[in-house]
Amino acid sequence: MRIDFVTLFPEMFEPIMGASILGRAREKGLLAWSCVNPRDFSEDKHRKVDDRPFGGGPGMVMLAEPLAQAIDSVRTKNTRVIFLSPQGEPFDDRKACELAKTDHVVFVCGHYEGVDERIMSLFDEELSIGDYVLTGGELAAMVVADAAARKLPGVLKKEDATESESFASGLLDFPQYTRPRVWRGREVPEILFSGDHEKISAWRQDAARAATRRKRPDLLSRA
Ligand SMILES: C[S@@+](CC[C@H](N)C(=O)[O-])C[C@H]1O[C@@H](n2cnc3c(N)ncnc32)[C@H](O)[C@@H]1O
């Protein structure tokens, strides 16, 4: 999978996209990413990329042309261009799976009051990571990139099974425990030491259902 981030703040990406599992995915050649800065396409002598909104009001709006040129510089005929926006379709696990099957994604990160509305025609879709407003699209783009990248074959180790993970089967994940066996007086459920894999698996399914009922009953009604 290849990702291009269209961003005014490319320095935000390496600390997150270059670390841990995503960093290893890049080393293994499973994920390639880079940043394109609309400022490099500004025709203004001060490399300006925003201006005041027509009609008045606070803040600045990102100019359409430097953004359009930044997108065009990386777009091919198989590219999916996604604008991160609080007004977009809510991002979820199903969308992460869908994106993981896409060869090339361009994430466009807005900033300030947002972007000139006329640029919307260049986007294939608009995605939101939740009903709140961030200062910019960079964190949102990395959230979406991380969730999609971990679905790519080979990114997670084989033993990091993803089928039982929250949302994959419509339920939340089952509770996990590790050493010590007793922590501050709290014990690990006895069944997990039984060595009986069928019983453990049945217990985990029940526990996943119970967790879902308690924390996210809306998921059960959707299943
Ligand atoms: C301050 S926001 C602009 C918000 C816009 N004025 C509005 O109220 O809809 C600046 C940029 O942050 C990004 N952003 C903010 N919240 C987001 C969210 N919940 N999901 C995805 N992107 C978001 C978008 O790229 C947006 O253009």
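Note that ligands are numbered from 1 as they come in the structure, with each ligand's atoms numbered from 1 the same way. Atoms considered below: every heavy atom in the structure, side chains included; atoms not considered: hydrogens, waters and symmetry mates.
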For this session: Answer side chain, backbone, both or neither: which part of Val108 comes under 4.0 Å from ligand 1, heavy atoms only.
Result: neither
Exercise. Given Thr7, Leu134, Val61, which one has a non-hydrogen atom that is nearest to atom 15 (C) of ligand 1?
Worked result: Leu134
Problem set entry | Atom pair CD1/CZ of Ile200 and Phe174 - distance to nearest 0.5 Å | 10.0 Å
Exercise. Could Lys199 and Glu190 be called an ion pair, given the rule that one side-chain N must be under 4.0 Å from one carboxylate O?
Worked result: no
For this session: Among all protein heavy atoms, pick out the one at the shortest distance from atom 6 (N) of ligand 1; state its residue, atom name and that distance to 0.1 Å.
Result: Glu113 O, 2.9 Å
Exercise. Which of these, Val143, Val133, Ile129, has its nearest heavy atom closest to atom 20 (N) of ligand 1?
Worked result: Ile129
Exercise. Considering distance alone, does some N or O of Tyr112 sit under 3.5 Å from an N or O of ligand 1?
Worked result: no
Problem set entry | Minimum-distance protein heavy atom relative to atom 9 (O) of ligand 1 | Gln87 NE2, 2.9 Å
For this session: Please round to the nearest 0.5 Å and tell me the distance separating atom CG of Leu127 and atom CD of Gln87.
Result: 13.0 Å
Problem set entry | Any donor-acceptor N/O pair, Thr102 side chain to His104 backbone, under 3.5 Å | no
Exercise. Looking at Gly114, which atoms of ligand 1 are within less than 4.0 Å of one of its heavy atoms?
Worked result: 27 (O)
Exercise. Ser166 and Asp173: side-chain donor and acceptor closer than 3.5 Å?
Worked result: no
For this session: Find all atoms of ligand 1 within a distance of less than 4.0 Å from any non-hydrogen atom belonging to Ala140, and give their numbers and elements.
Result: 21 (C), 22 (N)
Problem set entry | Electrostatic pair Lys95:Glu98 at N-O distance under 4.0 angstrom | yes
Exercise. So, Arg2 versus Ser34: side-chain donor-acceptor pair below 3.5 Å or not?
Worked result: yes
Exercise. If you measure every N/O of Leu127 against every N/O of ligand 1, is any gap under 3.5 Å?
Worked result: no
For this session: Considering only NZ, NE, NH1 and NH2 on the basic side and carboxylate oxygens on the acidic side, decide whether Glu14 and Arg26 come within less than 4.0 Å.
Result: yes
Exercise. Which ligand 1 atoms does Thr135 reach within 4.0 Å, using its non-hydrogen atoms?
Worked result: 10 (C)
For this session: Decide whether an N or O pair under 3.5 Å exists between Gly110 and ligand 1.
Result: yes
For this session: Run the salt-bridge test on Asp103 and Arg80 with the 4.0 Å N-O cut-off and return the result as yes or no.
Result: no
For this session: Indicate yes or no: does an N/O atom of Phe83 lie under 3.5 Å from an N/O atom of ligand 1?
Result: no
Exercise. So, is Leu84 polar-close to ligand 1, with some N/O to N/O distance under 3.5 Å?
Worked result: yes
Seminar exercise, completed: of all protein heavy atoms, closest to atom 22 (N) of ligand 1 is Ser85 N, 3.2 Å
